[in-house]
Each structure stands twice: as C-alpha cells, then as structure tokens.
2 protein chains.
Amino acid sequence: MWAATEKFLRFLQQPPLELIPSGKDIADIRSIPISERFYPAGTTIAEEGRPGRPHLFISSGWALSYKSMSNGQRLVVDFAQRGDLISSSPIADRSVRSTTDVTVFEIEAQNHRPLSAYSSYLAHAMMRLMTRNHSIATEHLANVARRRPLERTAFLFLETSYRLQQAGDGTGDRYDFPFTQGDLADALGLTAIHTNRVLRDLREQGLMSFRNWTVELLDRRNLLEMTLFDPGYLDLREDFVG
Amino acid sequence: MWAATEKFLRFLQQPPLELIPSGKDIADIRSIPISERFYPAGTTIAEEGRPGRPHLFISSGWALSYKSMSNGQRLVVDFAQRGDLISSSPIADRSVRSTTDVTVFEIEAQNHRPLSAYSSYLAHAMMRLMTRNHSIATEHLANVARRRPLERTAFLFLETSYRLQQAGDGTGDRYDFPFTQGDLADALGLTAIHTNRVLRDLREQGLMSFRNWTVELLDRRNLLEMTLFDPGYLDLREDFVG
DNA sequence: CGCAGACTTGAAGATTATCAACCACCGTGG
DNA sequence: CCACGGTGGTTGATAATCTTCAAGTCTGCG
C-alpha cells in the first residue's frame, strides 16, 4: 500500500541514522505522506528561489548542492550522499542536482499542518540531522576562512571519507567521487586552476590522490596530522535534546 | 510562578518571531522547564567541546559565537543578537561569549524526552529558526568563498542591519556594533590589518563607516548594488513545513 | 577522425598576508 | 596631575599566495 513509507521506516533504521522508533513512532510516521523518487544523473531536483519544496532524504547516489550567486560566481554548498537530509526553506536558498542516479524520500506537510504535529519522533530526527548539517556548514566556513588551500582540500576529502563510512559505504580509504575539479574549486573557494595545483601537491607528497573520479587516501595518518581533523562535528548521537 | 515561561511566551509573540500560539500550544510550552538567565558582558556562555548544553534564545544583548581552531586560528561564526536561537549539539561545536550584557531564555529537555514530545509547536518554531540559521551560515560561506573583501565586508554589515530591523531594534542605517576589527576579520576570513584597510576604503568611498563601535550605512543604495544583497535568506515565514 | 569536456602547465599580474612600527584612547596608581 | 600599560586601531614596505591569461594535453565517444 504505502510501500514508500515502509521503505522509509527501514531507511531510518539503517546507517547512518540507525534510529529505533517505538510502536507509536511508527504509527505516527505512517500517517505522513512519503514518496520515493528516482532522479537520473544530471537532473535538477531543487532550484534556488523556488518556494516550499518537500524535505529530501537521500537514499542512494550523489547530489551537488550549490548556490548560483548574483555576481556570476557559484558556491558548492555540499556534496550530498546517502543518509543526508536536504531540508527545504520557505524560499529555497540553494539548488540541488543529481550527479549520479539518485533515489530520495520526499516528505511534505499538508494543509499548513507542520510535520512536527504529525510525528514528534520525525521532528526530533530531523532536528538532529539539521543540527548536524549546521555543524557541517560551520566547519566548511572555518575550512574556507581559516585553513590554507592544501589543508583545506585534504580536510574536505577526509570529511567525505568519514561520512561515507558513517553511511556504511566502504572503508573510506578509496572511494568514488563523481565531481569535477571545478566543482571542488567552488566548494573550496579557489579557482579550478589553483585546485588542480593543490591536488598535484597532495599527490606528489604521497598524501592522497583524486583522479578519474576516484579518491585515494594514501597516507591517512599524515593527512589527519596536517589537518588536525576531528570528526566530532559529524556525530549523530541519540542524546540530542531538540 | 513560572515567570520565565510567561516571559518566553511573550518573547515568541514579539519581533522577530511574532508567533501566534494557540491555547494548546501555550499549554504545551508551559509544560517545559524554561529559565531566564542574565550574563554580564564578557561571560563565556558556552564552550566548544562541552556536551549537551540547553538551547539559547537571545532576548537582549550581543553575543559572539566562534570556533577556536586547532591550528591556532579563530573563526567567528556569527554576531548573535536579539531573537537569535543558538541551538546546542550533542557536543558543542562552537563557543559563545557575551559581548554586552546578555539576557537569554534557556530550554533543556529532561530525562531523554525530546522537546518535540513536549510541544510540537516549539519544535516547529525551532526548526524554522534552525533552517534560517543554516541559510545564514550558508550565505556566510558564499560570502567568504566567493565575494571579494570589499563586497564581503559590506554584505556582513547589510545583513546585520536587516537582522536588527527584523528584531525591531532601530531603522538599521546606524547601529551599535560592539566588536573589534579583529572579531570582524575572523568572521570575514581576512587578517585584522587587511580588514582595517577594507574599512578605510569603504569609508573613503562614502559607502559606510565603522568607528567607535558604531556602524553607519551612508549610501545604502550603492551598498546594495555592489553586493547585490537580497535579504530573502533571512525570511522567517509561517509557511515552513517542518 | 574530430570534437567536447576535463585536466594540466607556465608566466605574469593582482591580491592579501606578514612584519615592524607607531598612534589614540582610557583607566589605574603613584 | 601625570606616567604607564593595555587594548584597539593605523600605516608602509616587503613577501607570499592566488588568480588570470594563454596555451596546450588527455580521454571518451559519435
């Protein structure tokens, strides 16, 4: 009947969320209209400036979340992967494009009745994810504002590796990363050319390599040391009080 | 009896939130322990790395939200003012220090029962504020990554002016801003020295001035034009579905 | 083969940081 | 009253970093 809802319930219980809903929580969530949608690679899923789209839980694939700025520049906000929530604003402040084929769960409240009125459990889960997203955005800000390009770039790939691990996708020392150096540059606040040189440095120093759409972390110990990477901000613990 | 709760309810109905709770919403919120606290200027209200502090609604004063990075650098995450929510994470990812005397409402769930279980209304309000905070953080990221220092600086002061207006604190063409050029630099991703030169440029071009802890927007039209500032991301509209 | 998109390299120029002073203001204590 | 120290702000010279411009290379694919 509501196949999407049942799949969504299973999704919540798998990594990275691993929620354990009670009977009431499950019943509450079943009262919310949830749909599962498939977007082929290259689809624009959400567009900046548009109002009130549903909240998106990515269930598989990679998506690029970005802002097209009025000065002609572009900012890549995030490389979104399985388990990530892309929550909507009254007016979307970013666009989302599927980079690979992508499957998402879409949730939208009806008749001006907020989701939190349907399910306090889902509200709680969403607040945890939104808090984590905020932490990630803040860490990106720190990265761009206060780390040098080499460390900055290494940091981003380390973060991505940890998030993949959390989502249960591999060990993280080697992973697919289907984005261009231009995408990377727009995430790091550099030019594509400079990003290219930074990647070469990282490769020549034997630290890591990004070629042919795959990342290899060759010397994780030194990468951690030079970036002083601490994954605490990615934590998704149960003891969040929201 | 619960003076703080009643004051908090009034706070919700004033700018910038202007919420209109129903009778049930009010009863729900009365079931939550809320305290009002006063922090003199210079107090450290929250500290990075510490677990599980309450959520903070700033009711008056200015606070500085920042990260002390392990590479010795500092990032100023936000200049928080009246009406802002500083939501907590499982592990705090930033510190907060009162810059002026500050009054806040502090809300903390008890016994592992999430706030959303007490009040779907408060959960909804918090999700709206968290979404706005996320939009602000993303815009700051765009600002630092993809705008030049002059526009970047002007943008920050324009944003602050709009947020003050939303909170009902003055017209915004002239306002107190009790932070140093060093604080500003750590928010903009520049050195203090370069920030000083940028401020001089803005002043010499007759665009705006920041001296003696007060900001004057002298030529708002040109500031808006050069930054292409669009306050849409600060929107706090009722039609949010979370 | 030839094209398009992504990547790579070198040289030159612009921007931003660093270093080293110095000024201005303010509250304190002699 | 005034010297003093501390904080915050200002300036110039120099060095490092990053961008821009211009020109390719590589690869997959029709």
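Note that these values count all heavy atoms, side chains included, but never hydrogens, waters or copies made by symmetry. The shown structure was predicted, so the numbers you read here are calculated from the model rather than taken from an experiment. Order of the sequence lines fixes the chain letters, A, B, ..., with proteins taken first and strands second; residue numbering starts at 1 for each chain.
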Under the side chain to side chain contact (heavy atoms under 4.5 Å, CB included) rule, collect the residues that match up with Ser70(B), sequence neighbours excluded.
Leu228(A)
Cut-off 3.5 Å, no hydrogens considered: what does the side-chain donor-acceptor table look like for residues 99-107 of chain B, sequence neighbours left out?
| from | atom 1 | to | atom 2 | distance (Å) |
| --- | --- | --- | --- | --- |
| Thr100(B) | OG1 | Trp62(B) | N | 2.9 |
| Asp101(B) | OD1 | Ala41(B) | N | 2.8 |
| Thr103(B) | OG1 | Ser60(B) | OG | 3.0 |
| Glu106(B) | OE2 | Tyr39(B) | OH | 2.5 |

dC7(C) phosphate, OP1 or OP2: any side-chain N/O from Asn196(A) under 4.0 angstrom?
no
Using the ring of Phe155(B) (Phe, Tyr or Trp, six-membered ring only), decide whether Arg147(B) places NZ or CZ under 6.0 Å from its centre and within 45 degrees of its axis.
yes
How about CZ on Arg74(B), more than 12 heavy atoms from neighbouring residues, nucleotides or ligands closer than 6.0 Å, or not?
yes
Atom-to-atom span, CZ of Arg147(A) to C1' of dA17(C) - whole angstrom
19 Å
Sequence-aligned protein contact record of nucleotides 12-25 of chain D, with B where the base is within under 4.0 Å of a protein heavy atom and S where only the sugar-phosphate is:
BB----SBBBB---
Side chains of Arg82(B) and Gln166(B): do they bring a donor and an acceptor to under 3.5 Å?
no
Residues passing the side-chain hydrogen bond (donor to acceptor under 3.5 Å, both in side chains) test with Ser161(A), sequence neighbours excluded, are Arg220(A)
Residues in contact with DNA chain C, drawn from residues 202-214 of chain B - heavy-atom cutoff 4.0 Å:
none
With a cut-off of less than 4.0 Å, is there a side-chain N or O of Gln181(A) near OP1 or OP2 of dG5(C)?
no
Under 3.5 Å, is there a donor-acceptor pair between the Arg97(B) and Thr43(B) side chains?
no
Interatomic distance where CG belongs to Asp183(B) and C1' belongs to dG9(D) [whole Å]:
13 Å
If you look only at distance, which donor and acceptor atoms sit under 3.5 Å apart when one is on a side chain in residues 188-215 of chain B and the other is two or more places apart or in another chain?
| from | atom 1 | to | atom 2 | distance (Å) |
| --- | --- | --- | --- | --- |
| Thr191(B) | OG1 | His194(B) | N | 3.1 |
| Thr195(B) | OG1 | Thr191(B) | O | 2.8 |
| Asn196(B) | ND2 | Gln181(B) | OE1 | 3.0 |

Rounded to whole angstrom units, what separation is found between the CG atom of Leu188(B) and the P atom of dT15(C)?
18 Å
